[in-house]
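One structure below.
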Amino acid sequence: MMDEGSSRMNIAIDGPAGAGKSTVARQVAEQLGFVYIDTGAMYRAVTLAAQRAGIKADEPGRLGELTHSLRIELEPGELGQTVKLNGEDVTSLIRSREVTLHVSSYAADESVRTVLAAMQRQLAARKGIVMDGRDIGSHVLPNAELKVFLTASVKERALRRYREIQGSQDISLDQLEKEIAERDRSDEQREISPLICASDAVVLDSTGMTINEVVHAIVNLSRTKLAEAK
Ligand code: DC
């Protein structure tokens, strides 16, 4: 379903790891009839491709070349979004621990960021997009009509991740909390497009809120923006 407002609006949702961005962004897109784009999945796909090719995060030349050569496709799938890398379905592979532990380092590379940001701008050109990531409102789509900075305490984010992966990976809550704090530091401190809250973003702290409540809040914000624009 295409909402009549979709042709006039893009929504950027940024925030730290585990804040619930992808779940929330997907549901917001569904309710508004917009297209959802998970930019973290694109960084993960590049990381997987680089690991397979034996390219390290500190090899900018080779990484840039590789990223340029990749075909990354995001398609609506049964479990959210299907991610294809040169035609191969890598939806599960890009969520592996091996990718999760190293994606921050690959995402810090300037050539990777330049190529992916260009792809993301192209995807958003027709509007009607909900895009989540770290630098969408501040860098990729600075003119997005609605920018949300979604956050939650480190403890709460670790707990959510723990519940999500329980049973499938051998990792303690404490360890998850450390890894999330480390990933925050790395995403916030990198030189290029660090995780920052755009000055015109609405900050939403989802600690103690349900997914439905967060989705509802963002859908309401978007309706207000659309009404203002009329
Ligand atoms: O949202 P996620 O956990 O799937 O993101 C994976 C990594 O990619 C994370 O370390 C941050 C990085 N990332 C980024 O630097 N810029 C984006 N727009 C999206 C993700």
Side-chain angles (χ1 to χ4, degrees), residues 10-26 28-29 36-51 57 60 63 67 70 72 74 79-83 85 90-124 129-142 144 147-152 154 156-158 160-162 164-165 169 171 176-198 201 206:
N10 280 331
I11 301 176
I13 303 183
D14 292 297
K21 294 185 302 292
S22 51
T23 310
V24 164
R26 185 164 48 241
V28 168
Y36 166 54
I37 294 166
D38 173 1
T39 62
M42 299 169 84
Y43 286 93
R44 286 171 179 271
V46 170
T47 302
L48 177 67
Q51 287 174 335
L63 255 184
T67 311
L70 297 176
I72 300 170
L74 306 174
L79 299 168
Q81 196 152 56
T82 298
V83 183
L85 180 60
V90 293
T91 314
S92 308
L93 283 175
I94 59 165
R95 306 283 159 200
S96 71
R97 239 173 105 58
E98 191 50 27
V99 169
T100 301
L101 281 176
H102 297 105
V103 59
S104 264
S105 321
Y106 287 96
D109 180 83
E110 186 171 10
S111 54
V112 170
R113 300 205 73 83
T114 305
V115 176
L116 291 190
M119 278 185 204
Q120 290 154 12
R121 288 191 188 112
Q122 210 168 21
L123 289 168
I129 293 290
V130 180
M131 192 175 278
D132 80 346
R134 303 294 190 284
D135 61 339
I136 308 306
S138 60
H139 177 67
V140 177
L141 304 178
K147 300 177 186 178
V148 176
F149 192 82
L150 187 62
T151 185
V154 172
E156 169 116 357
R157 289 187 279 133
R160 288 177 189 169
R161 200 66 110 197
Y162 186 68
E164 221 172 74
I165 63 175
Q169 289 171 19
I171 183 163
L176 270 179
E177 207 172 310
K178 281 199 195 100
E179 285 180 14
I180 286 185
E182 185 45 49
R183 211 135 67 93
D184 281 0
R185 242 189 315 279
S186 153
D187 289 341
E188 282 162 9
Q189 287 174 3
R190 70 166 168 252
E191 278 175 35
I192 309 144
S193 297
L195 167 68
I196 42 163
C197 178
S206 71

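Indexing begins at 1, ligand by ligand and atom by atom, following the structure's order. The first residue in the sequence is number 1, and the count goes up from there.
Distance OG1/T39 to CD/Q120: 5.0 Å, rounded to 0.5 Å. Between I136 atom CD1 and R121 atom CZ the span is 9.0 Å, to the nearest 0.5 Å. Interatomic distance, OG1 of T100 versus CZ of R44, reported as 4.0 Å (0.5 Å rounding).
Results of the salt bridge (Lys or Arg N to Asp or Glu O under 4.0 Å) test with R134 over D38, D187, D184 single out D187 as the only residue that passes. Remark: of the listed residues D132, I11, T23, V148, I11 is the sole one forming a side-chain contact (heavy atoms from CB on, under 4.5 Å) with V28.
Interface of G40 with ligand 1, defined as ligand atoms under 4.0 Å from a residue heavy atom, comprises 4 (O), 5 (O), 19 (C), 20 (C). Heavy-atom proximity to R95, at under 4.0 Å, picks out these atoms of ligand 1: 4 (O). Close contacts of ligand 1 with R190, meaning ligand atoms under 4.0 Å from a residue heavy atom, involve 14 (C), 15 (O). Counting atoms of ligand 1 from 1 in the listed order, those under 4.0 Å from a heavy atom of A107 are 12 (C), 15 (O). Those atoms of ligand 1 that come under 4.0 Å of a heavy atom in G133, given as number and element, are 17 (C), 18 (N), 19 (C). Short contacts between ligand 1 and D187, defined as distances under 4.0 Å to a heavy atom of the residue, involve ligand atoms 9 (C), 10 (O), 11 (C).
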Open item on the list: As a quick check of understanding, evaluate side-chain hydrogen bond (donor to acceptor under 3.5 Å, both in side chains) for S206 and R160, giving each step before the final call.
Closed with: CA-CA 12 Å; S206 71; R160 288 177 189 169; 3.1 Å; yes

- [ ] Verify side-chain contact (heavy atoms from CB on, under 4.5 Å) between I37 and V130, making sure each step is shown before the conclusion.
- [x] CA-CA 6 Å; I37 294 166; V130 180; over 6 Å; no

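Residue R113 places a heavy atom under 4.0 Å from ligand 1.
Between R97 and E179 there is a salt bridge, with a side-chain nitrogen of the basic residue lying less than 4.0 Å from a carboxylate oxygen of the acidic one. By the 4.0 Å N-to-carboxylate-O rule, E110 lies too far from R113 to be salt-bridged with it.
For a threshold of 3.5 Å applied to N or O pairs, the pair formed by D132 and ligand 1 contains no separation below that value. Residue-to-ligand polar distances place D135 within reach of ligand 1: an N/O pair is separated by less than 3.5 Å. Ligand 1 has an N or O atom lying under 3.5 Å from an N or O atom of R44, backbone or side chain.
Of all protein heavy atoms, the one lying nearest to atom 13 (N) of ligand 1 is R134 CG, 3.7 Å. Of the protein's non-hydrogen atoms, the one nearest atom 10 (O) of ligand 1 is S104 OG, 3.1 Å. The nearest heavy-atom contact from the protein to atom 19 (C) of ligand 1 is T39 OG1, 3.3 Å.
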